[in-house]
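For reference, the structure discussed in these notes is given below.
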Number of protein chains: 2
Amino acid sequence: MYVTVTGDQDQPAPLASISSKITRSPTAHLKAGAHLYFEGDSVKWLYQIKTGVLRLTRMMEDGRRQVIAFGYPGDIVGFPSDGLHHTDCDVLEDVCLQPYRRSMLESGHGDPQLHYDLLQAALREISAMQDHFMMLGRKSAVEKVASFLCVLTHRVGKEVGGYTQVVLPMSRGDIADFLGLTTETVSRTLTQLRKSRIIAIENIHTVIIRRPQALSSLSLGDRT
Amino acid sequence: MYVTVTGDQDQPAPLASISSKITRSPTAHLKAGAHLYFEGDSVKWLYQIKTGVLRLTRMMEDGRRQVIAFGYPGDIVGFPSDGLHHTDCDVLEDVCLQPYRRSMLESGHGDPQLHYDLLQAALREISAMQDHFMMLGRKSAVEKVASFLCVLTHRVGKEVGGYTQVVLPMSRGDIADFLGLTTETVSRTLTQLRKSRIIAIENIHTVIIRRPQALSSLSLGDRT
DNA sequence: CGGGACATTGAGGAGAATCAAACAGGGTGG
DNA sequence: CCACCCTGTTTGATTCTCCTCAATGTCCCG
């Protein structure tokens with residue numbers, strides 16, 4: 001998932017469940033901290049996330065890291081390029097995964113509908129990544145963090161006592177590496193949002209959205 | 001094309017020509033300055049670039065712009081998401097395009113091989129975009145500009161008197177919006193590379209790579 | 001020759017990074 | 001059960017990269 005806002009909030013939700021006949025393999029379960037695959041591994045399966053959260057990362061030789069995406073329920077991860085994975089993927093929060101053979105993506109012979117659905121997922125991925133470019137290249141720290149919270153609100157926010165609660169299973173460092181910032185800047189920005197009463201920080205991994213409208217404005221760059 | 005370097009320089013060149021039987025439409029020609037499509041347009045065709053250069057952009061309400069990619073010969077542009085274009089696309093340098101019906105991507109009925117090739121192109125696109133994330137999120141101005149020149153060198157560099165010549169059909173502003181910088185920073189960085197004798201600026205749209213090795217080092221963040 | 005668009009250069013400032021220190025909080029072992 | 005430690009987070013002070021604003025320069029075209 002590419003946590004970004006670019007105007008139209010409610011892009012169609014990712015397919016809740018991909019259609020299929022009996023081409024389905026049994027679901028897989030993995031604990032937080034487990035690795036699903038590494039950069040360079042050859043791709044045998046794609047995975048649709050049923051529950052839990054994944055993290056996709058790339059590294060530079062000198063250790064700089066970029067979190068490419070967080071994978072949330074509905075998302076599909078593992079698209080191959082030249083048959084290989086180009087990110088590392090590991091588990092942030094215990095996941096249940098529906099695996100699909102790579103061949104289901106690459107040829108329609110097995111199950112045309114599944115083939116089509118996987119292809120559409122790949123195309124949506126491209127579009128989502130384009131949004132994320134704007135975030136990385138053109139948004140300020142506050143805008144980035146606000147965008148991030150905004151999208152999480154829409155995707156995994158839970159109503160609690162009139163407010164929306166968002167759980168952040170990833171570390172501040174993960175968020176930083178996703179947004180192109182440092183841990184310190186993410187932390188400071190969250191504090192700043194808290195002090196301006198736009199959010200409340202229930203605990204390190206739980207945020208309450210107190211003024212969603214203000215948050216959304218910030219994410220788009222309103223100076224007001 | 002996502003002009004980035006992440007270690008392995010010579011990723012497989014984009015398919016020089018996509019296989020096909022008679023499903024081919026006649027090629028289209030467009031002059032510099034022409035628009036191929038706009039964000040929100042419904043996708044009827046994909047295009048493979050035969051010659052010339054395209055620019056893909058997205059805009060924010062307040063006018064901030066992100067150049068998503070430059071399209072060079074071999075590249076395919078126009079991948080739909082929910083049937084729509086999510087970027088503007090216009091012509092930087094007169095192009096000759098091979099159009100393919102969107103249906104060729106979305107179903108294999110017409111021409112399975114073409115369908116497969118278009119799908120692979122989409123998957124390569126995803127991988128290339130992931131590289132570009134690292135560039136936007138984690139690289140310094142010098143690293144970005146060096147990376148940009150490096151990749152252009154490999155893709156469209158011409159040998160001239162022992163050195164490699166690279167033509168930049170886009171403006172400094174385009175480069176800036178692609179790399180997440182300002183025009184001024186791009187200009188200053190080019191001057192800096194020129195003064196350190198890594199490049200020479202033949203004219204505004206033509207650069208000579210004098211020390212490719214040094215350029216490559218810079219692009220990866222060597223401080224030396 | 002003059003105008004306009006684009007590029008370069010400079011001075012100054014803002015925002016985020018860096019460096020460093022205090023602060024949770026959760027898990028372990030005594 | 002509590003003290004301790006380890007890791008991750010917050011906060012502060014300072015630095016530095018890149019942006020902003022402004023002026024000048026260059027090239028192309030009528």
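In the text below, chain A, chain B and the rest are named by the order of the sequence lines, each starting its count at 1. Below, all heavy atoms of this structure are taken into account, side chains as well, without hydrogens, waters or symmetry copies.
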(request) To the nearest Å, give me how far apart CZ (B:R172) and P (D:dT26) are. (result) 15 Å
(request) Assign each of A:R138 and A:R188 to its nearest nucleotide of DNA chain D by heavy atoms, then name whichever residue's nucleotide is nearer the 5' end. (result) A:R188
(request) Estimate the overall bend of the helix from C:dC1-D:dG30 to C:dG30-D:dC1 from the end axes over five pairs each, rounded to 10 degrees. (result) 30°
(message) Heavy-atom nearest nucleotide on DNA chain C for A:L181 versus B:T185: which residue maps closer to 5'?
(response) B:T185
(request) Using the closest heavy atom to pick a nucleotide of DNA chain C for each, name whichever of A:T182 or A:I204 lands nearer the 5' end. (result) A:T182
(request) Select base, sugar-phosphate, or nothing to describe what A:L190 touches, counting heavy atoms under 4.0 Å on all strands. (result) nothing
(message) Please report the distance, rounded to the nearest Å, between NZ in B:K139 and P in D:dT17.
(response) 18 Å
(message) A:Q48 and side-chain contact (heavy atoms from CB on, under 4.5 Å): which single residue from A:V77, A:L118, A:I76 fits?
(response) A:I76
(request) Indicate whether any N or O donor in one side chain lies under 3.5 Å from an N or O acceptor in the other, for A:S147 and A:K139. (result) yes
(request) Would you kindly give the CG-to-C1' distance between A:D177 and C:dA16, to the nearest whole Å? (result) 15 Å
(request) From the options D:dT9, C:dA7, C:dT8, select the nucleotide whose nearest atom is closest to the side chain of B:T191. (result) C:dT8
(message) How close do B:L168 and B:H205 get, counting heavy atoms only, and between which atoms?
(response) O-ND1, 2.6 Å
(request) Would you mind checking if B:D75 and B:R155 are paired as a salt bridge, meaning a charged N to carboxylate O distance below 4.0 Å? (result) yes
(message) Rounded to whole Å, how long is the line connecting atom CD of B:E184 with atom P of D:dC21?
(response) 10 Å
(request) Could you label the plane-to-plane angle of the B:F178 and B:F70 rings as parallel, tilted or perpendicular, counting under 30° as parallel and over 60° as perpendicular? (result) tilted
(message) Nearest to the B:S171 side chain among D:dC18, D:dT11, C:dC6, which nucleotide is it?
(response) C:dC6
(message) Between C1' on C:dA17 and CZ on A:R64, what's the gap in Å once rounded to a whole number?
(response) 13 Å
(request) Please state how far atom NE2 in A:H205 lies from atom P in C:dA24, giving the value in whole angstrom units. (result) 16 Å
(message) Distance check needed: D:dG8 P versus A:M170 CE, whole Å only.
(response) 15 Å
(request) Would you kindly give the CD1-to-C1' distance between A:I201 and D:dT11, to the nearest whole Å? (result) 13 Å
(message) Under a plain distance cut-off of 3.5 Å, with no hydrogens placed, do A:T57 and A:Q66 share a side-chain donor-acceptor pair?
(response) no
(message) Taking side chain to side chain donor-acceptor pair (under 3.5 Å) as the cut-off, I'd like each qualifying pair that reaches into residues 183-192 of chain A, sequence neighbours left out, listed once.
(response) A:T182-A:T185
